[in-house]
Number of protein chains: 2
Amino acid sequence: MKNEKAEEIFRKFLKEEKNRITPERFEVLEYALEYDGHFGADDLFILMKNSKSRVSRATVYNTLELLVQCGLLSKRNFGDNISRYESNFKRQQHDHLICVDCGKIVEFSDSRIFNLPEKICNDLGFELDSYSFNIFARCKDKKTCKKS
Amino acid sequence: MKNEKAEEIFRKFLKEEKNRITPERFEVLEYALEYDGHFGADDLFILMKNSKSRVSRATVYNTLELLVQCGLLSKRNFGDNISRYESNFKRQQHDHLICVDCGKIVEFSDSRIFNLPEKICNDLGFELDSYSFNIFARCKDKKTCKKS
DNA sequence: ATTGCTGCAAAACGTTTGCACCTAT
DNA sequence: ATAGGTGCAAACGTTTTGCAGCAAT
């Protein structure tokens, strides 16, 4: 069994928040951490369905929100009005650049951003929860940039 | 008649792109510039419907995209999977802080962000199109922070 | 025993599309 | 004349909800 650490974190979170510990929720966690890259809630549901899982759509949506709340996943939006999730587990802070022509997503880390959200919150009288910084751009190399 | 300058810009854009110049499109422009703050496409459609306008939903959606393309509006997403628009007309560059408790949106300008998207694009081999920088936070002053 | 969670299906929501008619060019 | 835009309604894809049964506490 993999990701024992993540399961541990999730179990602790569920207990603290007085949410029930169910096998379905851990099944969603398993699949979410296994997923390579960003995924929509429905992508995960369909993947699980195809893998003969019996977990329902409602449970997938519900559980993904819980996993965001306990910090194991991040919820992103790349401008197409679909919520996408991404594992935070063992990953460093990063932001996203999306090619508006081919849809490619590049992850980057830039030290100039690191504590900017925190500073801005302090200036404005808020407590930071999270932030999203997306750059929309075009590949300079047109050979590898294919419209889908 | 107000916003002659914006109409001028829109007319020029439509001509250049070989899009037709129709009264419906200018009616959408008029309402969009008049709208105070951020609005969803459907908000605008309903407002226009209530004002006895005969413009259709499809035309509103279509025209708002054109207005984004010609730079008169910005399209934003504040994490709830709804596209929101905002007039760029006579406004300076700014970003948004959204209170996750009460939904309040605060606009801010921070010089540390100004040319960051451009620089990052250069580093990564892309041409900047646009960017979105949203901070999600909580009001420190709980008296003015009401859950909706 | 009590809630809360689940699966399922249906509904809701914002958005897009198909089509027949119309209109700017 | 003709390509493109319009209004309308229906379809779409994602997400949420209602409900009866089930299972964790």
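Just so it is clear: chains get the letters A, B, ... in the order the sequence lines come, proteins before strands, and each one is counted from 1. It should be emphasised that the depicted structure is a prediction, and the values quoted were computed from it without experimental measurement.
Checking dT25(C), dT15(C), dA24(D) against every side-chain atom of I21(B), the shortest atom distance belongs to dT25(C). Residue R25(A) has its side chain nearest to dC5(C) when only dC5(C), dG5(D), dA24(C) are considered. Picking from dG7(D), dC5(C), dA24(C) the nucleotide with the shortest atom distance to the side chain of T22(A) gives dC5(C). For V55(A), whose side chain is taken as the heavy atoms from C-beta onward, the closest listed nucleotide among dG7(C), dG7(D), dT15(C) is dG7(C). With dT6(D), dG7(C), dT15(D) as the choices, the nucleotide that has an atom nearest any side-chain atom of A41(A) turns out to be dT15(D). The listed nucleotides are dT6(C), dG14(C), dT15(D); the one nearest the side chain of N81(B) is dT15(D).
Between F136(B) and Y131(A), the ring centre distance reaches or exceeds 6.0 Å.
A donor-acceptor pair shorter than 3.5 Å cannot be found between the side chains of D95(B) and N134(B).
Within 4.0 Å (heavy atoms only), R57(A) reaches at least one base atom of the nucleic acid. Nucleic acid contact for K49(A): sugar-phosphate only, since backbone atoms but no base atoms lie under 4.0 Å from a heavy atom of the residue.
The phosphate of dT15(C) (OP1 or OP2) has a side-chain N or O of Y61(B) nearer than 4.0 angstrom. Taking 4.0 angstrom as the limit, N62(B) places none of its side-chain polar atoms (N or O) nearer than this to OP1 or OP2 of dG5(D). Between dG7(C) and T59(A), a contact under 4.0 Å exists linking OP1 or OP2 to a side-chain N or O.
The only member of M48(B), E27(B), K49(B) that meets side chain to side chain contact (heavy atoms under 4.5 Å, CB included) when paired with V60(B) is M48(B).
Both T63(B) and K15(A) sit near DNA chain D, but only T63(B) has its closest nucleotide nearer the 5' end. Judged by closest nucleotide on DNA chain C, S83(B) is the one of E24(B) and S83(B) placed further toward the 5' end.
A donor and an acceptor atom never sit less than 3.5 Å apart when one is taken from the side chain of R20(B) and the other from the base of dG5(D).
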Ring pair (Phe, Tyr, Trp, His ring centres under 6.0 Å) between H38(A) and F78(A), intermediate numbers included: CA-CA 10 Å; H38(A) 311 89; F78(A) 298 132; 5.2 Å; yes
